[in-house]
2 protein chains.
Amino acid sequence: MSKMADEKVMGAPASGGGGEDAGELSPAEARVRPLETLLRAAPLGLCVAAMAVMLRDTQTNEYGTVSYSDLGGFKYLVYANGLCAAYSLVSAFYTAVPRPATLSRSWIVFLLDQVFTYLILAAGAASAELLYLAYNGDKEVTWSEACGVFGGFCRQAKTSVAITFGSVLCYIVLSLISSYRLFSAYDAPVPSHGNKGVEIAAFPR
Amino acid sequence: MSKMADEKVMGAPASGGGGEDAGELSPAEARVRPLETLLRAAPLGLCVAAMAVMLRDTQTNEYGTVSYSDLGGFKYLVYANGLCAAYSLVSAFYTAVPRPATLSRSWIVFLLDQVFTYLILAAGAASAELLYLAYNGDKEVTWSEACGVFGGFCRQAKTSVAITFGSVLCYIVLSLISSYRLFSAYDAPVPSHGNKGVEIAAFPR
């Protein structure tokens, strides 16, 4: 696309001023950073909570015992929440320390944010489908309503899935922030040679 | 974040040159546009194919009849594919016509791309979970392996889900393109007053 300034320190022109504080950030950046750190720390709590609720989700009654590990979708939810909790921990620490954003760092954070957003959303969607089946069953394929028998198990699983969707929301906002940070470092595509943009400028809407 | 030039025509400086062709695009933009149009048209075909395969997915044998509409997750897949096909059609036409990108247009395309990416990914994940259950069943909650009896139905559903994941990939790339287009119009956050960025510039990595 447009040419990229490789490894350029974003938001730090080479001709600086005083020169005492290397970690000095722009006012806009200073306002966004605590918010971003908070947003990165929030999924840590949410993912750990969702994981803990799901891991302890076992019910035994006269019909038998059911545990989260009996259902593939819930196991995937636990793994996804574990991975996201680890990523949140690392990235919250990373964001908390003020440091100039380089292009390569922004790319790494951006790509990881994208991957984890899709990962946790897919886990949440699969688990929600599983929960829907557990509550409603499916007569045509002779699947029973498991929640009629294992009500407590289903309620706890529902809590875990709901918490997971909370962290999905955090991750969606985080991907927006990291894509803003990455792509705002690039120039908008500018007509370079043979620029005939007068009519464009004449109709700005 | 940084200040935004509202309704600014991106990539078209106000002081233009010749002034014959209003739709003149930058070389980078001209290279990306056919690729983007293709990427926007591809999910149209994929979504229609996935929808058609799923809609005709019915099997009758001595055990009874099973149809996609008996399974909530597959119905959601059909709806999601239908919505995405409609969006792809509109956005492919929109992209095919060369026009200067304004900030508000970029925001709309960006937000819609995000919404549809998450929508189709969630539908794909939920259907994949459903398919997994249909193939493997779940002894603990007494769900039978429906695919042992309705093999043809499951194979056709698997095809539809696989095609859906093809369009998920297209949408992920499209979200990247539209977020690049949107956020590259913004300036990188620049230290504005009391700039003390000399050390930053001295350690560019």
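So that the names make sense, note that chain A is the first sequence line, chain B the second, and so on, each numbered from 1. Side chains included, hydrogens not; waters and symmetry mates left out as well; all remaining heavy atoms used.
- If you measure heavy-atom distances from Y118(A) to chain B, the contacts under 4.5 Å come from both the backbone and the side chain.
- A134(B) touches chain A through backbone and side chain together, each having a heavy atom under 4.5 Å away.
- Contacts between T117(B) and chain A at a heavy-atom distance below 4.5 Å involve the side chain alone, from C-beta outward.
- Interface check for chain B: of the options V168(A), V66(A), D138(A), the most heavy-atom pairs under 4.5 Å are formed by D138(A).
- With a threshold of 4.5 angstrom between heavy atoms, A128(A) does not approach chain B through any atom at all.
- Proximity to chain B (any heavy atom under 4.5 Å) is shown, for D70(A), by both the backbone and the side chain.
- To the nearest 0.5 angstrom, L182(B) atom CG is 10.5 Å from Y180(A) atom OH.
- Proximity to chain B involves both the backbone and the side chain of L130(A), based on heavy atoms less than 4.5 angstrom apart.
- Rounded to the nearest 0.5 angstrom, E129(B) CD and Y132(A) OH are separated by 14.5 Å.
- Only the side chain of L121(B) comes within less than 4.5 Å of a heavy atom in chain A; its backbone stays farther off.
- Between A125(A) and A126(B), the shortest heavy-atom contact is O-CB, 3.9 Å.
- The local environment of OH in Y94(B) is crowded, with over 12 non-hydrogen atoms from other residues, nucleotides or ligands closer than 6.0 Å.
- Most heavy-atom pairs under 4.5 Å with chain A, from the set G73(B), A122(B), A146(B), S144(B): that is S144(B).
- With rounding to the nearest 0.5 Å, the separation of CZ in R181(B) from CZ in F183(A) is 11.5 Å.
- Using a 4.5 Å cut-off between heavy atoms, S175(A) contacts chain B through its side chain alone, with no backbone atom that close.
- More than 12 heavy atoms of other residues, nucleotides or ligands sit less than 6.0 Å from atom OH of Y135(B).
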